[in-house]
Amino acid sequence: MACLSVNCFKLSEVKKMHSRVSIAPILAIALGLAWNLPGKAQQVEMVRLMDASTARQGMNPLADRQSRLQSTAILTDSPLERTSAMRQGWKLLSDSNYNFLTQSLPPAATIKQGRQISLNGRILPLAWTQQPANSISPNIRTWIADIGLMQSAGVDLLNTADNTKQPVQWFSVSLTADKSITARSQGQYRYLDITDFARLAGWRISADGNTLSITSPVANVTGVRQAEREWGDRIVVDLDRSAPWQVNIVDTPSPSPTPTPRDTPDDPTKPTLPQTKTSPAPNLETPDDPSKPALPLPVAPSAPIIGQQWSIDLDAKIAPVIIQRAFQTSKQLLALKIEPTDTQTRVKVTIPLGWRPQVFSLGNPHRLVIDIRPDSLVEKDIVWARGVRWRQQYQNLGSARFPVVSLEVNPRQTGVKIRPILSNPPTDKGTAPLRETAELSGTAAAINGGFFNRINRLALGAIRRDNKWLAGPILNRGAIAWKDGGEISIARLTLQETLITPTNQRLSISHLNSAYVQAGIGRYNPDWGTTYTPFSDNEIVVTVVGDRVVGQVPSGGTGKTAFPVPANGYILALRSNLSIASQLTPGTLLRLETQTIPSEFSAFPYIVGGGPLLVKNSRVVLNPQAEGFSDAYVRQTAIRSAIGHNAAGNLLIVTVYNRAGGAGPNFTELAQILQQMGAVEALNLDGGSSTSLYLGGNLVDRPLSTAARVHNAIGIFIQP
């Protein structure tokens, strides 16, 4: 039996070995090891892993004075105005609106750039650029977007308080402290100068049109070891040299032998789908947010999901003799398979639903370590750009540990702009993956926004942009409002509109530009779109031009007729109580009164609704029933998105996932987490499978394939 404790070694011997071993810090590793290495070789292995664990658990502390958010200057192209044209395939007329950093940059003709990388033949959507070091240098430097480099090749981004310097670790290549890679924020990406890193790694790089080709030296797997640990399982892949690697989730889950009951009822503020015998695609992490209709379960479910398969794809060859044996399993490691190809080795692990493998590389000798543990989050604290800080951390509530991935954004920072963004601009209808929406909008960062109807793909809550209500608030639900310059407010929001007739009759409007339907009068102005199509049967549609009624007709049924919305007026949709039509005959003059509650919200040009409200004045103020949420929604635990601000006025953009070994947070726990993070005010956003956090070209909180399409988001733009 191998020794399992560092106490098995003499302290003097450990210190002696430590002085001879030089590897830079990476992820935290448990002190105990279980492989049988003879004598001093075992001691070397122990010390190297101990060294590696130092910085992975935060031994690269950030000084408070260094971690303050500062201003930034970057390359941008006014993406908000370009999004719609890009979606419709229009050719952009010129790039004259680009603004460059004030520094010694080479002429534009010498710059190559693209959005695709071929890494050992694998085509990856990854931004890159090549250019001379400066205007007089013949030396070409290669820059690659940092998040993509981390997710596609396994390069570990270590903590940094300087957004222009990024320490990294990749097998035996360690670039930290003064040798850290130069970083540059440019538009929606943060690029890393990988020129020196590539030379140390032995990578060959060439550019051809839109594609940057990277080829690494041929690597071979020399062994595979595994051991069960106190916290889970460890798999070690031994290599003869470094090799790029990537973690992917496999779409086909593993079934359990027993059925589960039907999901909790949906929030009744959204329509439900009819029962069907068709088996749905399973949610791969936690049940979806029930404020959206759940996909129906089969009448006789054969087997619900208990495990999820992940693959770790390594650009290295493996000899069949190495894997001609059975691998051990455990209650955490449900299955382990190794699949060789001509150029790759694929390690497949099946682990409990909601778990993720924690993967990192070590050098001297080269190893890839795969840990199966409930607390798999790699903690990070990186000042990503001036004004944007990216953190991954655990928040503790009693015995529960919740993984939290968040951004802290300084809205007062020059160049930082916060905007609501739509999935299908300029219309309010449509859904898309957050990554796609963010890429087309040109945002540097984004989080999914408010609720929406999955069937008609329209918003169910407030969206206000440039003082226009693209969608009005509903049910007194919480909303966040902000102005350029940093003023932020979060509160429960109601929009009150009243029509006043010549006889002083006051007719209350239930909703403005809303897909939420209830009895009363709905109003739709040009901010909604050019037409209105009835949401319910037997509506009476009243057309108002200027301040005068010009027409009144029955709708004829749900979705049957599109009524033009006048450019200088609006449409009134009368629902259920049709007797009020007699007061809105053609020729009737109308006066419209509008106010928001709270009144100060009328002065904010940007608003996004969500709910429930979580924190106000640094206190938990949770009251979901006051915001019209169903009891089922209130009871559910799920992965969640939230937004808030702290006492310094910085925006907190937060995603919270399943507690280590358990379920996601309920609303009380979510509010307490935001409170712990320093939120003075905080709001829940749409959650469950909608939860997504985007940064610099990729989702940083979850695999792309597990994130649902969303209607709207809150984007962070960085401009000079």
Side-chain angles (χ1 to χ4, degrees), residues 71-72 74-87 97 99 185 187-189 384-388 407-428 430-450 452 459 461-473 479-490 493 513 527 601 603-610 641-645 649-654 683 685-686 692-697 710-720:
S71 62
T72 189
I74 49 88
L75 169 65
T76 187
D77 63 343
S78 302
L80 280 174
E81 288 76 17
R82 296 162 63 94
T83 303
S84 179
M86 291 172 67
R87 278 195 175 273
N97 57 341
N99 297 297
S185 297
Q188 63 199 100
Y189 304 108
W384 191 81
R386 291 180 181 176
V388 179
L407 300 176
E408 183 177 351
V409 179
N410 183 350
R412 301 168 306 284
Q413 190 58 67
T414 302
V416 172
K417 303 293 183 184
I418 306 166
R419 296 289 185 270
I421 55 177
L422 300 177
S423 62
N424 190 32
T427 71
D428 186 46
T431 59
L434 178 62
R435 179 181 177 181
E436 178 183 321
T437 298
E439 284 277 323
L440 291 174
S441 299
T443 61
I447 190 170
N448 64 288
F452 61 96
I463 304 177
R464 180 174 165 97
R465 189 174 65 198
D466 299 325
N467 291 303
K468 297 179 179 179
W469 288 107
L470 307 184
I480 178 170
W482 69 92
K483 300 177 182 178
D484 287 340
E487 186 177 352
I488 302 171
S489 183
I490 298 176
L493 173 63
N513 294 342
D527 297 338
F601 267 50
F604 285 94
Y606 307 106
I607 298 175
V608 170
S641 300
I643 193 166
H645 69 90
N650 292 337
L651 197 67
L652 301 176
I653 299 173
V654 178
L683 174 73
L685 299 172
D686 195 4
S692 308
L693 183 61
Y694 169 93
L695 180 66
V710 297
H711 175 274
N712 61 87
I714 298 172
I716 310 300
F717 296 83
I718 303 179
Q719 302 172 340

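Being a predicted model, the structure only gives us computed values, none of them experimental.
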Give a yes or no answer on whether the side chain of [X] reaches the backbone of [Y] with a donor-acceptor pair at less than 3.5 Å.
X: D484; Y: K417; answer: no
X: N448; Y: D686; answer: yes
X: S423; Y: T437; answer: no

Looking at [X] and [Y], what are the two nearest heavy atoms and their distance?
X: P420; Y: R464; value: CG-O, 3.5 Å
X: A462; Y: W469; value: CB-CZ3, 3.9 Å
X: S185; Y: A385; value: OG-CB, 3.4 Å
X: P411; Y: L651; value: CD-N, 4.1 Å
X: R465; Y: I421; value: NH1-CA, 4.4 Å
X: Q188; Y: T443; value: CB-O, 3.1 Å

Atom pair [atom1] ([X]) and [atom2] ([Y]), whose distance is rounded to the nearest 0.5 Å:
X: D527; Y: L470; atom1: CG; atom2: CG; answer: 6.5 Å
X: N712; Y: L434; atom1: CG; atom2: CG; answer: 10.0 Å
X: I653; Y: I447; atom1: CD1; atom2: CD1; answer: 6.0 Å
X: L683; Y: S641; atom1: CG; atom2: OG; answer: 11.0 Å
X: W384; Y: I718; atom1: CH2; atom2: CD1; answer: 5.5 Å

(message) Does Y606 form a side-chain hydrogen bond (donor to acceptor under 3.5 Å, both in side chains) with D466? I'd like the steps, not just the answer.
(response) CA-CA 6 Å; Y606 307 106; D466 299 325; 3.0 Å; yes
(message) Does H711 form a side chain to side chain contact (heavy atoms under 4.5 Å, CB included) with L422? I'd like the steps, not just the answer.
(response) CA-CA 6 Å; H711 175 274; L422 300 177; 4.0 Å; yes
(message) Looking at K483, I want to see if its NZ is surrounded by more than 12 non-hydrogen atoms of other residues, nucleotides or ligands under 6.0 Å.
(response)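 Yes.
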